[in-house]
Enquirer: 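Questions regarding the structure given below will be posed in turn.
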Amino acid sequence: MDTKALRQKILDLAIRGKLVPQDPNDEPASVLLERIREQKKQMVKEGKLKAKDIKNDSVIFVGEDNLHYEKFADGSVKCIEDEITFELPEGWGWARIGTICIINPRNSIADDLDVSFIPMPMISEGYANTHTYEVRNWNNVKSGFTHFAENDIGIAKITPCFENRKSVIFKNLVNGYGAGTTELHILRTLNGTILNEYLLWIVKMESFIQEGIQSFSGAVGQQRVGKDFLSQYLIPVPPYNEQIHIVDKINLIFNFIITIENEKKFSTRNN
């Protein structure tokens with residue numbers, strides 16, 4: 001059994017709304033996406049974000065001609081029908097990662113605080129979603145390293161780590177904060193909007209990896225995906241409750257696949 005292909009098929013079904021039943025009573029994604037925009041505007045007012053951090057945020061909608069359009073902060077509108085690869089279920093919406101997330105945030109914490117320090121070798125590749133860490137003092141790692149916090153998503157940006165799916169949700173960080181390899185992009189979702197596990201499975205999809213490879217820049221052997229690729233990447237957004245159901249279903253199936261893989265390894269060793 002080709003378990004990698006099976007995983008990719010499951011993820012493909014998930015983002016098309018074909019993995020779990022739809023509930024017409026769920027709050028539509030359009031309301032959720034509006035809530036994200038309002039939260040980010042409030043964060044600007046509170047000084048937690050800068051105005052430039054949201055200037056490229058956009059709204060994607062279907063026009064009267066049944067084509068998809070994108071409206072920008074300056075009021076301009078552009079047809080993006082050529083970017084829409086499949087039809088979404090009722091109640092879902094399209095959005096760019098940069099609109100629904102905060103990309104590469106910085107920590108503002110006390111210098112004497114202990115935090116988790118995570119170099120690239122401590123992040124698992126593939127579909128494991130695990131990491132280890134060392135304990136460091138924030139004053140020693142706040143400069144020259146990537147910042148992140150509890151529940152942030154880290155995505156390796158350099159080859160071959162990017163292709164090998166070194167992406168993870170940071171969990172159980174010392175004092176809730178961390179720093180690590182500079183070869184990471186960080187995505188931070190807002191509470192009650194986009195489930196970080198749903199977004200993690202999207203960045204582990206083959207389609208995401210292949211588009212990232214096509215965007216590579218830099219010298220051979222040191223090629224990377226840039227922040228703009230992440231920010232502009234278009235994803236399907238389900239209602240929040242459905243995100244939960246999708247993630248639960250993916251985890252259930254993937255755990256079953258792991259059992260199959262382990263049984264296959266045991267059988268191979270004993271033959």
Enquirer: What pairs meet the side-chain hydrogen bond (donor to acceptor under 3.5 Å, both in side chains) rule with one or both residues in residues 245-254, with sequence neighbours excluded?
Expert: E197-N251
Enquirer: If only atom types and distance count, is the side chain of N107 paired as donor or acceptor with the main-chain N or O of I109 below 3.5 Å?
Expert: no
Enquirer: Which value, rounded to the nearest 0.5 Å, describes the distance between C161 atom SG and M120 atom CE?
Expert: 4.5 Å
Enquirer: How far apart are the closest heavy atoms of L199 and I194, and which atoms are they?
Expert: CB-CG2, 4.4 Å
Enquirer: Please list, chain by chain and in numerical order, all residues satisfying side-chain hydrogen bond (donor to acceptor under 3.5 Å, both in side chains) with E64, sequence neighbours excluded.
Expert: none
Enquirer: Among all residues two or more places apart in sequence or in another chain, which pass the salt bridge (charged side-chain N to carboxylate O under 4.0 Å, His left out) test with E38?
Expert: K41
Enquirer: For the pair W201 and F208, evaluate ring pair (Phe, Tyr, Trp, His ring centres under 6.0 Å) and give the outcome as yes or no after the intermediate values.
Expert: CA-CA 10 Å; W201 290 126; F208 176 85; over 10 Å; no
Enquirer: How far apart are the closest heavy atoms of A95 and L33, and which atoms are they?
Expert: CB-CD2, 3.9 Å
Enquirer: If you look only at pairs with a residue in residues 184-193, which of them pass as a side-chain hydrogen bond (donor to acceptor under 3.5 Å, both in side chains), with sequence neighbours excluded?
Expert: N104-H185, D152-R188
Enquirer: Which residues pass the salt bridge (charged side-chain N to carboxylate O under 4.0 Å, His left out) test with D111, not counting sequence neighbours?
Expert: K142
Enquirer: Can K171 and E150 be counted as an ion pair, charged N to O under 4.0 angstrom?
Expert: no
Enquirer: Which residue, Y133, F145, W138, forms the ring pair (Phe, Tyr, Trp, His ring centres under 6.0 Å) with F117?
Expert: F145
Enquirer: I'd like to know if D114 and R136 make a salt bridge, using a cut-off of under 4.0 Å between side-chain N and carboxylate O.
Expert: no
Enquirer: First locate atom CZ of F170, then atom CZ of F148, and finally report the distance between them rounded to the nearest 0.5 Å.
Expert: 4.0 Å
Enquirer: Would you say I244 and L252 are hydrophobically clustered, going by side-chain heavy atoms of ILVMFWY under 4.5 Å?
Expert: no
Enquirer: Below 4.5 Å, heavy atoms only, C-beta onward: do I102 and L190 meet side chain to side chain?
Expert: yes
Enquirer: Report, one line per pair, each donor and acceptor closer than 3.5 Å where one atom sits in a side chain of residues 225-242; sequence neighbours left out.
Expert:
from : atom 1 : to  : atom 2 : distance (Å)
N241 : ND2    : D26 : OD1    : 3.4
E242 : OE1    : W92 : NE1    : 3.4
E242 : OE2    : Q22 : NE2    : 2.7

Enquirer: Classify the side-chain pair T159/Q223 by whether it contains a donor and acceptor separated by less than 3.5 Å.
Expert: no
Enquirer: Establish, for the pair R7 and F254, whether the NZ or CZ atom is under 6.0 angstrom from the six-membered ring centre and no further than 45 degrees off its axis.
Expert: yes
Enquirer: Hey, is the main chain of I123 close enough, under 3.5 Å, to the side chain of K166 for a donor-acceptor pair?
Expert: yes
Enquirer: Would you give the length of the straight line joining atom OG of S215 to atom CD of Q210, rounded to the nearest 0.5 angstrom?
Expert: 11.0 Å
Enquirer: Between E183 (side chain only) and K157 (backbone N and O only), is there a donor and an acceptor less than 3.5 Å apart?
Expert: no
Enquirer: For A149 and Y177, which heavy atoms make the closest approach, and how far apart are they?
Expert: CB-CD2, 3.9 Å
Enquirer: Shortest non-hydrogen contact from L184 to T146?
Expert: O-OG1, 4.0 Å
Enquirer: Partners of Q8 by side-chain hydrogen bond (donor to acceptor under 3.5 Å, both in side chains), sequence neighbours excluded?
Expert: Y127
Enquirer: Go through the structure and list residues passing salt bridge (charged side-chain N to carboxylate O under 4.0 Å, His left out) with E211, not counting sequence neighbours.
Expert: none
Enquirer: So for atom CZ, which belongs to F256, do other residues, nucleotides or ligands contribute more than 12 heavy atoms lying within a distance under 6.0 Å?
Expert: no
Enquirer: Which heavy-atom pair separates A14 from I250 by the least distance, and what is that distance?
Expert: CB-CD1, 3.9 Å
Enquirer: Just to verify, what does T181 make a side-chain hydrogen bond (donor to acceptor under 3.5 Å, both in side chains) with, not counting sequence neighbours?
Expert: none
Enquirer: Work out which heavy atom in E261 is nearest to a heavy atom in T3; give both atom names and the distance.
Expert: OE2-OG1, 2.7 Å
Enquirer: Does the side chain of L200 reach to within under 4.5 Å of the side chain of R165, using non-hydrogen atoms?
Expert: no
Enquirer: Run the side-chain hydrogen bond (donor to acceptor under 3.5 Å, both in side chains) test against H147 and tell me which residues pass, sequence neighbours left out.
Expert: R106
Enquirer: Which value, rounded to the nearest 0.5 Å, describes the distance between I186 atom CD1 and I155 atom CD1?
Expert: 8.0 Å
Enquirer: Going only through I, L, V, M, F, W and Y residues with side-chain contacts under 4.5 Å, is there a path from I169 to V174?
Expert: no
Enquirer: Less than 4.5 Å apart, any side-chain heavy atom of V44 and any of D53?
Expert: no
Enquirer: For residues I36 and L32, determine if any side-chain heavy atom of one lies less than 4.5 Å from a side-chain heavy atom of the other.
Expert: yes
Enquirer: Dump the intermediate steps for side chain to side chain contact (heavy atoms under 4.5 Å, CB included) on V59 and Y69, then the final yes or no.
Expert: CA-CA 8 Å; V59 178; Y69 292 87; over 6 Å; no
Enquirer: Identify whether L173 and V135 are in the same connected component of the hydrophobic contact network (ILVMFWY, side-chain heavy atoms under 4.5 Å).
Expert: yes
Enquirer: Does M205 reach the side chain of I209, with side-chain heavy atoms less than 4.5 Å apart?
Expert: no
Enquirer: Are I97 and I15 joined in one hydrophobic group, where the rule is that I, L, V, M, F, W and Y side chains link up if heavy atoms are under 4.5 Å apart?
Expert: yes
Enquirer: Would you say S116 and E134 make side-chain contact, with heavy atoms under 4.5 Å?
Expert: no
Enquirer: What verdict does the side chain to side chain contact (heavy atoms under 4.5 Å, CB included) test give for V168 and T130, after you've listed the backbone C-alpha separation in whole Å, the side-chain angles of each residue and the deciding distance to 0.1 Å?
Expert: CA-CA 6 Å; V168 70; T130 58; 5.6 Å; no
Enquirer: Does E46 CD have over 12 foreign heavy atoms under 6.0 Å away?
Expert: yes
Enquirer: Side chains of residues 71-85: which donor-acceptor partners sit under 3.5 Å, not counting sequence neighbours?
Expert:
from : atom 1 : to  : atom 2 : distance (Å)
D74  : OD1    : S76 : N      : 2.9
D74  : OD1    : S76 : OG     : 2.6
E81  : OE1    : H68 : N      : 2.7
E81  : OE1    : H68 : ND1    : 3.0
E83  : OE1    : R96 : NH1    : 3.1
E83  : OE1    : R96 : NH2    : 3.2
E83  : OE2    : R96 : NH2    : 3.0

Enquirer: Establish whether I158 and I153 are linked, either directly or via other cluster members, by ILVMFWY side-chain heavy-atom contacts under 4.5 Å.
Expert: no
Enquirer: Any side-chain heavy-atom pair from I253 and L19 closer than 4.5 angstrom?
Expert: yes
Enquirer: Mind checking the CD1-CG spacing from I260 to L6? Nearest 0.5 Å is all I need.
Expert: 7.0 Å
Enquirer: Could you tell me whether the side chain of V62 reaches within less than 4.5 Å of the side chain of L67, counting heavy atoms only?
Expert: no
Enquirer: Name the one of R37, K40, K52 that satisfies salt bridge (Lys or Arg N to Asp or Glu O under 4.0 Å) with D57?
Expert: K40
Enquirer: Check salt bridge (charged side-chain N to carboxylate O under 4.0 Å, His left out) between K55 and all other residues, then give those that pass, not counting sequence neighbours.
Expert: none
Enquirer: About how many Å separate NZ of K18 and CZ of R16, when rounded to the nearest 0.5 Å?
Expert: 6.0 Å
